[in-house]
Amino acid sequence: MTLTRQIMTGLVLGIITAALLAGPLAAWREPVLTGTGVAGTLFLNALKMVALPLIVTTLIAGLGGLNQAPGRLGAIAVTYYGMSTVLAVSAGLLIANVVAPGLRADLAGTDWLGSASAAAAGSNLPGADDADWKASLLALVPGNLIQAASEGNLLALVMFSLLVGLAVRALPAGLRQTQQQFWEGLQQVLMTLTQWVLRTAPVGVFALVATSASRVGWAALEPLAWFVATVLLALLVHAAGSLGLVLWRLAKVTPLSHARAMSPALWMAFSTASSAATLPLSIRCLNERAGVPREVTGLTVPLGATLNLDGTALYECVAVLFLAQLLGADLSLAQQLVVMFLALATSTGMAGIPAASLVAIALILDRLGLPAEALGLLLITDRPLDMCRTAVNVWSDSVATRVVARYAAASQVTASPAAAAPATTSSTPRR
C-alpha cells in the first residue's frame, strides 16, 4: 500500500474512532483521547524537530547555487517567482479575510476550542500593541541565533539563511564548491530524516484526526466546507486571474492556448499531487507543445519546482488564518503580513518534501502561539486541496517559462536584428 493510501486509511479510521467514542465507546473516550493526543503531539514534534534546520539548509543551498544559472535569464526568473508568490499569498489573505471561513460556526461549547483559545492569547508575533516597528526590526537580527531558533523565530532564521547563501555565492570557485556540496549534503540528510518521520504519518494522522474530530464533533463540518471553498476560490483567482493576466500582458500568449499545451502536465500534477513527479512531463509539454526552447525550460522548470510554489504558499496563508479565526485569535494587519512573509519563506524552504504544507503550517502556528494540534481538522481535507495547489504550482512554473522565453527571444532580436530577422522569418514556432 502506498503512503498516500496509508494516510487516507489513517484519516478514515480516525473519523470512525471519533464517531465510536461519541457513541458505543463513550466510556473509553478520555483514556483513548489521552493516548491519541500523545501520539499526535509526538508526530508534530518530530516534524518541527527537522523543519527548522531543513528550511535553513534548503535556503542556503538553493541561494548559493543560483549563480550557476545564466545571469539575466536567471534573474528574470527569480524576480518573477517572488512577484508571483506575493500575488498568490495576497489573494489568499484577501479572500480569507472577506469570506472568514473560521467564523462560520459556533464552537464555543467544545473543550478543544476552549483550550486552544487560551493558547491563542499568547501570540508571539509583533502586533500593533507592541513597542512599535522597532520590535519587528529587532526580531530580524537577534543577538543570539541559537536562542532565536529555540524560540521559533523564523524571521531571524530566514534572514540569516539568505545572508549565508549570498556569502557562499560570493566565495572563490574552489571554496564555493566545497561549501555548496556541504550544504546540499546536509539538506539531503535532513530530507531523508523528514521522509522517515513522514513514514509515521498514517499513525500521526489517525491520532490527530481522532482527537480533533472527537473533541470538536460535527460542528466543524460547516467551517471546513467554507475553508475548502475559500482555498479553491483563492487558487482559481490566482491561477486564472493573476497568472492569466501575466500570460496575456507579459508573455503575449492567450491563457486558453497555453492551458491546452500544458494540459497533460496539469492533469498529472493534479492526480499525483507531486510537482517533482510532473517535472519531466512539464518540460516535454513546454518544449513540444508550447514551442519553448530547451535552454529556457532547462533553467526555469527545475528552478521553479524549488523556488516557485504559489499554491503551497497561498494554502499556508489561508490555513493559518482559518485556524486563527476558528480559535478566536484576532490577527492584526501587521501580524498577517508577518504570516505572509513566513509563508513565502517556508514554501521555498520546504520544496520537494511530501506533506510540506503540514510541516510549514505547524511552524507558523507555533510562532503564533496557537496549538499545532489544530492541524487535525485540516487533515480531513488536505489530500484534495493538495492536488489542486500542486496543479497551481506547475501552472505557475509554466507561466514563468513563457515569460522568460519571450524575454530571451526579444533580447536576441534586439541584440542582433540583422542576424535574427531571417531566422525569425524561416522558423516561426507552431503552437
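In this structure, Val164 and Trp183 have side chains that are in contact, with non-hydrogen atoms separated by less than 4.5 Å. Side chains of Tyr315 and Leu378 form a contact here, defined as non-hydrogen atoms less than 4.5 Å apart. Looking at heavy atoms from C-beta onward, Tyr80 lies out of side-chain contact with Leu250 at the 4.5 angstrom threshold. At a threshold of 4.5 Å between non-hydrogen side-chain atoms, the residues Val403 and Val246 count as touching. At a threshold of 4.5 Å between non-hydrogen side-chain atoms, the residues Val392 and Cys388 do not count as touching. At least one side-chain heavy atom of Arg289 sits under 4.5 Å from a side-chain heavy atom of Pro264. By the 4.5 Å heavy-atom criterion applied to side chains, Leu186 and Pro53 are not counted as neighbours. For the pair Leu25 and Val32, the minimum side-chain heavy-atom distance is 4.5 Å or more.
With values rounded to the nearest 0.5 angstrom, Met340 atom CE is found 13.0 Å from Leu321 atom CG. Atom-to-atom distance recorded for Arg29:CZ and Thr34:OG1 is 10.0 Å, nearest 0.5 angstrom. The distance from atom CG of Leu20 to atom CD1 of Ile16, rounded to the nearest 0.5 Å, is 7.5 Å. Remark: Thr278 OG1 to Arg284 CZ distance equals 14.0 Å, nearest 0.5 Å. The structure places OG1 of Thr297 at 11.5 Å from CZ of Arg402, a figure rounded to the nearest 0.5 Å. The OG1 atom of Thr200 sits 14.0 Å away from atom CZ of Phe206, with the distance rounded to the nearest 0.5 Å.
Closest of all the heavy-atom pairs between Asp310 and Asn308 is OD1-OD1, 2.9 Å. The minimum heavy-atom distance linking Ala251 with Arg406 is given by the pair O-CD, 3.3 Å. In plain terms, the two heavy atoms of Met262 and Ser398 that are nearest each other are CE-CB, 3.7 Å. Residues Ala269 and Thr390 approach most closely at O-CG2, 3.7 Å, considering heavy atoms. The minimum heavy-atom distance between Gly14 and Val209, with the atom names listed, is C-CG1, 4.0 Å. For the pair Leu385 and Leu232, the tightest heavy-atom approach, listed with the atom from each and the gap, is CD2-CD2, 3.9 Å.
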Show your working on side chain to side chain contact (heavy atoms under 4.5 Å, CB included) between Phe322 and Thr230 and close with a plain yes or no. CA-CA 9 Å; Phe322 164 70; Thr230 302; over 6 Å; no

Before you tell me yes or no, could you show the steps for Arg389 and Asp382 under side chain to side chain contact (heavy atoms under 4.5 Å, CB included), namely the whole-Å CA-CA distance, both residues' side-chain angles and the distance that decides it to 0.1 Å? CA-CA 10 Å; Arg389 61 181 181 261; Asp382 185 71; 3.1 Å; yes

Check the pair Met8 / Val205 against side chain to side chain contact (heavy atoms under 4.5 Å, CB included), numbers first and verdict last. CA-CA 9 Å; Met8 294 299 295; Val205 167; over 6 Å; no

Verdict with supporting geometry, His258 and Leu286, side chain to side chain contact (heavy atoms under 4.5 Å, CB included): CA-CA 9 Å; His258 183 64; Leu286 287 165; 4.1 Å; yes

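Within the 3.5 Å criterion, the main-chain N or O of Leu208 finds no donor-acceptor partner in the side chain of Thr211. With hydrogens and angles ignored, the 3.5 Å screen pairs no side-chain donor or acceptor of Ser84 with any backbone N or O of Tyr81. Proximity of a side-chain donor or acceptor of Ser396 to a complementary backbone N or O of Asn393 within less than 3.5 Å is not detected. Looking only at distances, no side-chain donor or acceptor of Asp397 sits under 3.5 Å from a matching main-chain atom of Val301.
Within a 6.0 Å sphere centred on CG of Asn144, other residues, nucleotides and ligands contribute more than 12 heavy atoms.
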